[in-house]
**Q** 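Below are the structure tokens for one structure; questions will follow.
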Number of protein chains: 2
Amino acid sequence: MVKLTPVTACDACPIRHNAVCADCDSQELAMLEKAKSYRTVPPGTQIAAAGQPLEHFSTIVTGCATLSRTLEDGRRQTVGLLLPSDYIGRPGRATSGYDVEAVSEVTVCRFERRTFERLVRDTPHIAARLLSMTLDELDAARDWAVVLGRMTAREKIATFLVSLARRASASSGEAGPSGAVSLHLPLSREAIADHLGLTIETTSRQITALRKDGLIETPSARDILIPSFERLSLEAGEDDDGGPIV
Amino acid sequence: MVKLTPVTACDACPIRHNAVCADCDSQELAMLEKAKSYRTVPPGTQIAAAGQPLEHFSTIVTGCATLSRTLEDGRRQTVGLLLPSDYIGRPGRATSGYDVEAVSEVTVCRFERRTFERLVRDTPHIAARLLSMTLDELDAARDWAVVLGRMTAREKIATFLVSLARRASASSGEAGPSGAVSLHLPLSREAIADHLGLTIETTSRQITALRKDGLIETPSARDILIPSFERLSLEAGEDDDGGPIV
DNA sequence: CGGTTCATTGAGCCACATCAAGAAGTGTGG
DNA sequence: CCACACTTCTTGATGTGGCTCAATGAACCG
């Protein structure tokens, strides 16, 4: 079930310059190397459960996970999409507030909770980076509230695709996407629906509608080709700056 | 327009133990006292505008403000309700990502941005407290996504009232509210609608419906009496622990 | 006491949900 | 390599919760 992934050197880590360790010098990195461990889980694995103990602070190295909450009657809302360099867990808290589920094979780099809290306390570079990342996450969560509260189904889908394209190009260090962009969806229709506050049927219909309008092509259910990123952005309700919506 | 509020001693400050300064010792407080200034603005004042420069880091001392974003076509979504001890501005960023508007008379305690960034960098007690508060805000924003994405209009209103009651009782240092609770709404119907992703009409109708069902009484449009906090909580979809939804 | 703003209420409609049925992949065993 | 089951996605038909448009009522204020 759980692969015991060999520990790699931080220098070779794909998220070395994006994660909570981004600002660490080589000496600080040495401390992290001693304390860290990796864990790889297959798609569908529940990594944490709302209200349950969570004894590690983890960072996604590769793969994709969802952060969600489910109401008693089964309604689910995904409140965050976790991609490489995003973290799982909250320093200072021993339980998870949300469900975390791997949607693809996920490898995390993790620290025992107490250990990480000590690292945060004693390592200003980590504390500062964690604050900066948390502020970014807060902005992203607030931006998403606008999507959930005020956008139409079509705008939600377009915004989701645009934001995925942005994150994909950001992680590969490019400038903002433009022109034709191709995209692999890490999420099923159902997971997309849960992320956007829609039903699976509406999600599917809106994707079909965007295809019929020539705004996207769908080589397969999980692959999207955006002929013109700019045109899709307009559909997403991008006004002025084209700043990231998530 | 803007009152020049006399600077009070931090020891006498109503949010001394809740704000970003909560963990400071007397020596650190002395530094803050030198750098801080107060500003009081009347209801309706725009405190910050999305995309515009924001040269201060402010903390609400008294009053209530909304944090919102407006789409080009006028649709508005409030992404946060700012109450005493909540902060405005983002260290490390010179512009505001959102509109901030005072909905009652608001007094803030503020620092010039550069000054505050230095304080955060040099004062671990402030950095740690700011991180903790930001993590709390992040949880609140994510919790709100569930409300926006998956709740019915009735549940949204009930959840809003329940969360207001919780915050009111928390700020006066009580245990969680129970039994009969009375509440003053800081927001107009329109502002409530913008917060909940509803229209003003639906907001009004659902408040009327809750009244007709005996879950609330409305002595005036801005005052709510909750005869049984527990019963309203159930209406808000509270399942198990009664933990704060926001 | 008229003007203005804010809240309530009603009538009708529409975007999205729900219910239901296929279609297209995907994996498993023979 | 195919048959079958199973899951995921798509599409259609119908229902409804909340939006839109419109009017009235209530509070505030000069």
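The chains referred to below are lettered A, B, ... by the order of the sequence lines, with proteins before strands, and numbering in each begins at 1.
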**Q** When you check the side-chain N and O atoms of B:Thr107 and B:Thr40, is any donor under 3.5 Å from an acceptor?
**A**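 Short answer, yes.
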**Q** If you fit an axis to the five pairs at each end of the helix from C:dC1-D:dG30 to C:dG30-D:dC1, how big is the angle between those two axes, to 10 degrees?
**A** 40°
**Q** For side chain to side chain contact (heavy atoms under 4.5 Å, CB included), just list the numbers for A:Arg166 and A:Phe229, CA-CA rounded to whole Å, side-chain angles, deciding distance to a tenth of an Å, and then say yes or no.
**A** CA-CA 10 Å; A:Arg166 285 229 175 81; A:Phe229 183 80; 4.1 Å; yes
**Q** Who pairs with A:Arg75 by salt bridge (charged side-chain N to carboxylate O under 4.0 Å, His left out), at least two apart in sequence or on another chain?
**A**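 Scan of A:Arg75 (salt bridge (charged side-chain N to carboxylate O under 4.0 Å, His left out), adjacent residues dropped) gives A:Asp73, B:Glu155.
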**Q** A:Thr218: which residues meet the side chain to side chain donor-acceptor pair (under 3.5 Å) condition with it, sequence neighbours left out?
**A**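 A:Thr218 satisfies side chain to side chain donor-acceptor pair (under 3.5 Å) with A:Arg211 once adjacent residues are dropped.
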**Q** Using whole Å, report how far CD1 of A:Ile157 lies from P of C:dA15.
**A** 16 Å
**Q** Are the side chain of B:Arg189 and the backbone of B:Ala221 linked by a donor-acceptor contact shorter than 3.5 Å?
**A** yes
**Q** Decide yes or no for A:Glu235 and A:Arg231: does some side-chain heavy atom of the first lie under 4.5 Å from some side-chain heavy atom of the second?
**A** no
**Q** Can you list the residues that meet the ring-ring contact (aromatic ring centres under 6.0 Å, His included) rule with A:Phe160, with sequence neighbours excluded?
**A**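 Counting only residues at least two positions away or on another chain, A:Phe160 forms a ring-ring contact (aromatic ring centres under 6.0 Å, His included) with A:His195.
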**Q** In chain order, what residues pass the salt bridge (charged side-chain N to carboxylate O under 4.0 Å, His left out) check against B:Asp213, with sequence neighbours excluded?
**A** B:Arg154
**Q** With respect to A:Leu187, which candidate in A:Thr203, A:Leu81, A:Thr78, A:Leu164 satisfies the side chain to side chain contact (heavy atoms under 4.5 Å, CB included) definition?
**A** A:Leu81
**Q** Check the interface with nucleotides 4-7 of chain C: list each N/O to N/O pair with the protein under 3.5 Å, or write none.
**A**
residue	atom	partner	partner atom	Å
C:dA7	OP1	B:Arg189	N	3.3
C:dA7	OP2	B:Arg189	N	3.3

**Q** With A:Glu55, which residues qualify under salt bridge (charged side-chain N to carboxylate O under 4.0 Å, His left out), at least two apart?
**A**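 Listed in chain order: A:Arg113.
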**Q** Check nucleotides 16-19 of chain C for protein N or O atoms closer than 3.5 Å to its own N or O atoms and list the pairs.
**A**
residue	atom	partner	partner atom	Å
C:dC16	OP1	A:Ala153	N	2.8
C:dA17	OP2	A:Thr199	N	3.4
C:dA17	OP2	A:Thr199	OG1	3.2
C:dA17	OP2	A:Thr202	OG1	2.5
C:dT18	O4	A:Arg205	NH2	2.9
C:dC19	N4	A:Glu201	OE2	3.0

**Q** Do any pairs count as a salt bridge (charged side-chain N to carboxylate O under 4.0 Å, His left out) and have a residue in residues 170-180 of chain A, sequence neighbours left out, and if so which ones?
**A** none
**Q** Is the backbone of B:Glu201 close enough, under 3.5 Å, to the side chain of B:Ser204 for a donor and an acceptor to pair up by distance?
**A**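 Answer holds: no.
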**Q** Which residues in residues 207-216 of chain B have at least one heavy atom lying under 4.0 Å from any atom of DNA chain C?
**A** B:Thr208
**Q** With rounding to the nearest 0.5 Å, note down the distance linking CG in B:Asn18 to CD1 in B:Ile60.
**A**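 Answer for the CG-CD1 pair, B:Asn18 versus B:Ile60, is 13.5 Å.
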**Q** Need two values: the first and the last nucleotide of DNA chain D, 5' to 3', having an atom under 4.0 Å from any heavy-atom of chain A.
**A** D:dC9 to D:dA13
**Q** Applying salt bridge (charged side-chain N to carboxylate O under 4.0 Å, His left out), name anything that partners B:Arg76, two or more places apart in sequence or on another chain.
**A** B:Glu101, B:Asp194
**Q** Quick check: closest heavy atoms across A:Leu83 and A:Arg167, and the distance to 0.1 Å?
**A**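 Residues A:Leu83 and A:Arg167, closest heavy atoms: CD1-NE, 3.3 Å.
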